[in-house]
There are 2 protein chains.
Amino acid sequence: MNNTKDSRQLREMMRLLERKLGILEESEVACCGITMAQCHALVEVGRAKNISLNELAELLNLKNSTMSRTVNNLVNSELVKRDIDPQDRRYITISLTESGTKIYEGIEESMNLYYKRVYDWIPEDKRGQVMESLQILLEAISKNECCK
Amino acid sequence: MNNTKDSRQLREMMRLLERKLGILEESEVACCGITMAQCHALVEVGRAKNISLNELAELLNLKNSTMSRTVNNLVNSELVKRDIDPQDRRYITISLTESGTKIYEGIEESMNLYYKRVYDWIPEDKRGQVMESLQILLEAISKNECCK
DNA sequence: GAAATATATTTGCATATTACAACTGTTGTG
DNA sequence: CACAACAGTTGTAATATGCAAATATATTTC
């Protein structure tokens, strides 16, 4: 059947997509003077406004020990701050500093501009289809999570 | 206009896609006892059959110094081998060993199976559209590479 | 109310990745 | 033959990664 051929083609396109997105992100973080891992953390903190270390680690699929050290480095660079939760001192609350917010907003802006350019490039009569297709693909991937 | 809203939605879906693919790959490499970077290298070597360090570094968007060390670790684990090109001794030829080939084929097989499951999950009348949409998206991304 | 248990985070340790700069060896050119 | 260019390696240093053990705090049990 043709499904094998098509599914391999699907895989190949996904590989290329991932490759290109990786390159995009690397050029993005090069401008900020932080590392990729720090950038991922900073963006998630920016989006959440306040977040625990545990939650951040979960979002980024990292161990708490790794997360703790990445956050340490961001604190040292004065991009984020750590506060102890007054209600439960086991918890820390991570949030962006003013300079961290600037970097975060810069990343958001340039990524939004980039995706606007990508979107605008898509032929108008194909846009709905592309958006729907991505939705379907995300759902297909979600429903087939690694149950090896 | 609605383009801003749509392009942000596009970005959000791309983020989710990348997140899920990252998780997929991490579960994949966990089974092989190698690291993510080594896995990427191994797969590219497997696909190329023979490749120079320079070409491999370019494919993976890494510096030659980094590539050299990752390849060293794969050589130490006896998964790849390095041979000096007899015609031009500046070059090395990197290829998989027998055990490297086994791991490579295992990865290929499980990834192919995974994408077949994803593909089969997509409603039959939507498959053509999904494939075409990915093609369009890849082209849009290619045409908008980071010219900040 | 004290002890045991659970939870959140940190730290020691070890390995790998990453890139810059400098280096070594080889090939091509004038 | 000397110099330039190319491919790859190595020293150095910073960062990332996770396991195991540790610390501090909160909750549960008796």
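First the proteins, then the strands, lettered A, B, ... as listed; each starts at 1. Just so it is clear, the model here is predicted, and its values are computed rather than measured.
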Requested in this report: Under the salt bridge (charged side-chain N to carboxylate O under 4.0 Å, His left out) rule, collect the residues that match up with B/Arg127, sequence neighbours excluded.
Outcome: none

Query raised in the report: Can you find a donor-acceptor N/O pair under 3.5 angstrom joining the side chain of A/Arg69 to the base of D/dG18?
Result: yes

Report summary line: Walking DNA chain D from its 5' end, the first of A/Arg89 and A/Ala37 to be reached, judged by nearest nucleotide, is A/Ala37

Query raised in the report: Would A/Trp121 and B/Glu139 satisfy side chain to side chain contact (heavy atoms under 4.5 Å, CB included), going step by step from the backbone distance to the final call?
Result: CA-CA 9 Å; A/Trp121 193 93; B/Glu139 198 173 344; 3.6 Å; yes

Query raised in the report: Nearest nucleotide by nearest heavy atom, which residue falls closer to the 5' end of DNA chain D, B/Glu26 or B/Met67?
Result: B/Met67

Requested in this report: Report yes if at least one side-chain N or O of B/Ser68 is closer than 4.0 Å to OP1 or OP2 of D/dT10; otherwise report no.
Outcome: no

Query - Stretch residues 55-66 of chain A: residues that reach within less than 4.0 Å of DNA chain D through a heavy atom - result: A/Leu62, A/Lys63, A/Ser65, A/Thr66

Requested in this report: Check every nucleotide of DNA chain C for an atom under 4.0 Å from a heavy-atom of chain A, then give the first and the last such nucleotide from 5' to 3'.
Outcome: C/dT7 to C/dC13

Query - Nearest-Å distance for atom pair CD1/P, residues B/Ile34 and D/dT17 - result: 17 Å

Query raised in the report: Does B/Asn54 make a side-chain N or O approach to OP1 or OP2 of D/dC6 shorter than 4.0 Å?
Result: no

Query - Selection residues 84-107 of chain B - residue pairs positive for salt bridge (charged side-chain N to carboxylate O under 4.0 Å, His left out), sequence neighbours left out - result: B/Asp88-B/Arg90

Under 3.5 Å between N/O atoms: give me all the protein pairs with nucleotides 1-4 of chain D, atom names plus distance.
none

Report task. Go through the steps to decide whether B/Met14 and B/Ile141 satisfy the test side chain to side chain contact (heavy atoms under 4.5 Å, CB included), and finish with yes or no. Result -> CA-CA 12 Å; B/Met14 298 304 285; B/Ile141 290 172; 4.2 Å; yes

Report task. For DNA chain D, determine which residues of residues 90-98 of chain B have any heavy atom closer than 4.0 angstrom to one of its atoms, and list them numerically. Result -> B/Arg90, B/Tyr91, B/Ile92

Query raised in the report: Looking at A/Glu12 and A/Arg8, does any basic side-chain N land under 4.0 Å from a carboxylate oxygen?
Result: no

